[in-house]
Amino acid sequence: MSNPDREAENRTAAYDRYIASLFAPEDAALTDTLDAMQQGNLPSINVSYAEGKILQVLALAVGARRVLEIGTLGGFSGIHFARVLPDGGKLVTLELDPHHADVARKNFERANVQEKVEIHVGPAADTLDKLAAEGAEPFDVVYIDADKDGYVTYLQKSLPLLREGGLLLADNALPNAVLTGEDAGAKRYNTAAAQTDGLTSVILPVLRDKGIDGLTVSVKAAR
Ligand code: SAH
Ligand code: MG
């Protein structure tokens with residue numbers, strides 16, 4: 001890597017640390033969650049502390065009571081959502097891998113948010129069909145953070161479950177869309193979001209340890 005690249009990376013990391021140190025101080029439940037993920041051999045592909053804060057601010061801004069998350073992993077982003085839900089609020093989180101779901105369940109318990117969390121194990125597309133068939137109560141926020149190839153399907157299947165004025169969020173939407181091939185999942189997702197009637201969207205750049213990623217944020221219009 002060239003020197004200017006390295007300098008840019010150092011600056012990005014410093015900005016990220018600054019935001020996290022101000023607004024997202026580490027706490028025991030979150031560091032324990034990351035430790036348990038490492039012990040369980042889960043990949044470290046969770047959101048950062050600062051991005052966790054972005055998720056909380058967005059959820060609070062729409063008065064979220066019900067959040068639908070696609071891609072639980074070890075529950076790191078989920079704990080952030082669950083913590084800003086009011087009494088009686090619910091995080092419904094979907095995970096394919098039963099081992100990830102087990103690690104997450106223990107982490108939700110350790111963070112003492114288990115009463116606000118419902119984990120559904122299985123392919124997210126099937127669970128979304130099931131939620132629709134059951135006539136699930138509408139969600140205030142949908143957060144997509146699973147396999148990129150599924151993103152467009154998740155958009156199509158979760159949009160009817162989102163209330164008017166609700167937020168549709170999709171993680172890891174920038175490098176995967178810009179720096180990879182034509183049919184990258186995030187690129188297809190961003191195009192679909194841009195072309196879906198009734199969605200007003202933008203990609204928020206998100207600082208990472210190294211470099212920048214993006215969170216696609218869409219507001220569902222009232223009819
Ligand atoms: N939101 C988490 C990170 C999720 S990583 C956080 O920031 O803390 C992506 C997760 O999606 C992985 O746990 C992976 O097992 C899961 N996943 C992959 N394909 C899936 C599918 N088809 N249905 C549901 N979950 C899936
Ligand atoms: Mg992610």
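Computed from a predicted structure; not experimentally measured. In listed order, ligands and their atoms are each counted from 1.
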> For ligand 1, which part of Pro123 has a heavy atom less than 4.0 Å away: the side chain, the backbone, both, or neither?
Replying inline: backbone

> So, Asn172 and the Mg ion (ligand 2): N/O/S under 2.8 Å, yes or no?
Replying inline: yes

>> Applying salt bridge (Lys or Arg N to Asp or Glu O under 4.0 Å) to Lys157 and Asp129, what does each step give before you reach the verdict?
In response: CA-CA 7 Å; Lys157 289 185 188 287; Asp129 286 342; 2.9 Å; yes

> Any idea which protein heavy atom is nearest atom 9 (C) of ligand 1, and the distance to it?
Replying inline: Asp145 O, 3.2 Å

>> So if I count the atoms of ligand 1 from 1 in the order they appear, which ones are less than 4.0 Å from some heavy atom of Thr72?
In response: 2 (C)

> In Å and rounded to the nearest 0.5 Å, what is the CG to CG distance from Asp171 to Leu204?
Replying inline: 11.0 Å

>> Would you compute the distance between atom CG of Leu128 and atom CG of Leu159 and round it to the nearest 0.5 angstrom?
In response: 11.5 Å

> What do the steps show when you test Arg83 against Asp27 for salt bridge (Lys or Arg N to Asp or Glu O under 4.0 Å), and what is the final call?
Replying inline: CA-CA 13 Å; Arg83 281 177 164 177; Asp27 64 61; 3.0 Å; yes

>> With a heavy-atom distance limit of 4.0 Å, tell me whether Ile70 approaches ligand 1 through its side chain, its backbone, both, or neither.
In response: neither

>> The test is side chain to side chain donor-acceptor pair (under 3.5 Å); show your working for Asn3 and Arg6 and say whether it passes.
In response: CA-CA 5 Å; Asn3 266 343; Arg6 202 177 306 274; 4.6 Å; no

>> To check your reading of the model: name the closest protein heavy atom to atom 19 (N) of ligand 1, its residue, and the distance in Å.
In response: Asp147 OD1, 3.2 Å

>> Hydrophobic clustering (ILVMFWY, side-chain heavy atoms < 4.5 Å, transitive) - are Leu58 and Val62 grouped together?
In response: yes

> Under 4.0 Å from any heavy atom of Asn46, which atoms of ligand 1 are there?
Replying inline: 6 (C), 7 (O), 8 (O)

> How far apart are the C-alpha atoms of Arg163 and Asp140, what are their side-chain angles, what is the distance that settles it, and do they pass the salt bridge (Lys or Arg N to Asp or Glu O under 4.0 Å) test?
Replying inline: CA-CA 6 Å; Arg163 73 153 158 94; Asp140 305 291; 2.7 Å; yes

> By atom name, which N, O or S atom belonging to Asp145 lies closest to the Mg ion (ligand 2)?
Replying inline: OD1

> In Asp171, the N, O or S atom nearest to the Mg ion (ligand 2) is which?
Replying inline: OD2

>> I'd like to know whether ligand 1 has Gly52 as a neighbour, heavy-atom separation below 4.0 Å.
In response: no

>> Using the ring centroid of each side chain, check whether Tyr143 and Tyr154 are separated by less than 6.0 Å.
In response: no

> How close does the nearest protein non-hydrogen atom get to atom 14 (C) of ligand 1, and which residue and atom is it?
Replying inline: Glu95 OE2, 3.4 Å

>> At less than 4.0 angstrom from any non-hydrogen atom of His100, what atoms of ligand 1 do you find?
In response: 12 (C), 13 (O), 15 (O)

>> Using a 4.0 Å cut-off to any heavy atom of Leu73, which atoms of ligand 1 qualify?
In response: 2 (C), 3 (C), 4 (C), 5 (S), 13 (O)

>> Once rounded to the nearest 0.5 Å, what's the spacing between atom OG1 of Thr180 and atom NZ of Lys148?
In response: 11.0 Å

> Considering only protein heavy atoms, which is closest to atom 8 (O) of ligand 1, and at what distance to one decimal place?
Replying inline: Ser77 N, 3.1 Å

> Which ligand 1 atoms are under 4.0 Å away from a heavy-atom of Gly122?
Replying inline: 23 (N), 24 (C)

>> If the cut-off is 4.0 Å to any non-hydrogen atom of Phe76, which atoms of ligand 1 fall inside it?
In response: 8 (O)

> Closer than 4.0 angstrom: is that true for some heavy atom of Gly150 and an atom of ligand 1?
Replying inline: no

> Taking the non-hydrogen atoms of Tyr154, is any one of them nearer than 4.0 angstrom to ligand 1?
Replying inline: yes

> Which distance, rounded to the nearest 0.5 Å, do you find between the CZ of Phe81 and the CG of Leu91?
Replying inline: 7.5 Å

> Can you tell me how far the OG atom of Ser77 sits from the CD1 atom of Ile45, to the nearest 0.5 Å?
Replying inline: 10.5 Å

>> Is there a continuous path of hydrophobic side-chain contacts, each under 4.5 Å between heavy atoms, that joins Val92 to Leu96?
In response: no

> What residue and atom, counting heavy atoms only, is the protein's closest point to atom 23 (N) of ligand 1, and at what distance?
Replying inline: Ala124 N, 2.9 Å

> Which pair of non-hydrogen atoms, one from Lys53 and one from His80, has the smallest distance, and what is that distance?
Replying inline: N-CD2, 4.2 Å

> Which protein non-hydrogen atom lies closest to atom 5 (S) of ligand 1, naming both residue and atom, and how far is it?
Replying inline: Ile45 CD1, 3.5 Å

>> For atom 7 (O) of ligand 1, what is the closest protein heavy atom, and at what distance to 0.1 Å?
In response: Val47 N, 2.9 Å

> So which heavy atom in the protein is nearest atom 26 (C) of ligand 1, and how far is it from that ligand atom?
Replying inline: Leu96 CB, 3.5 Å

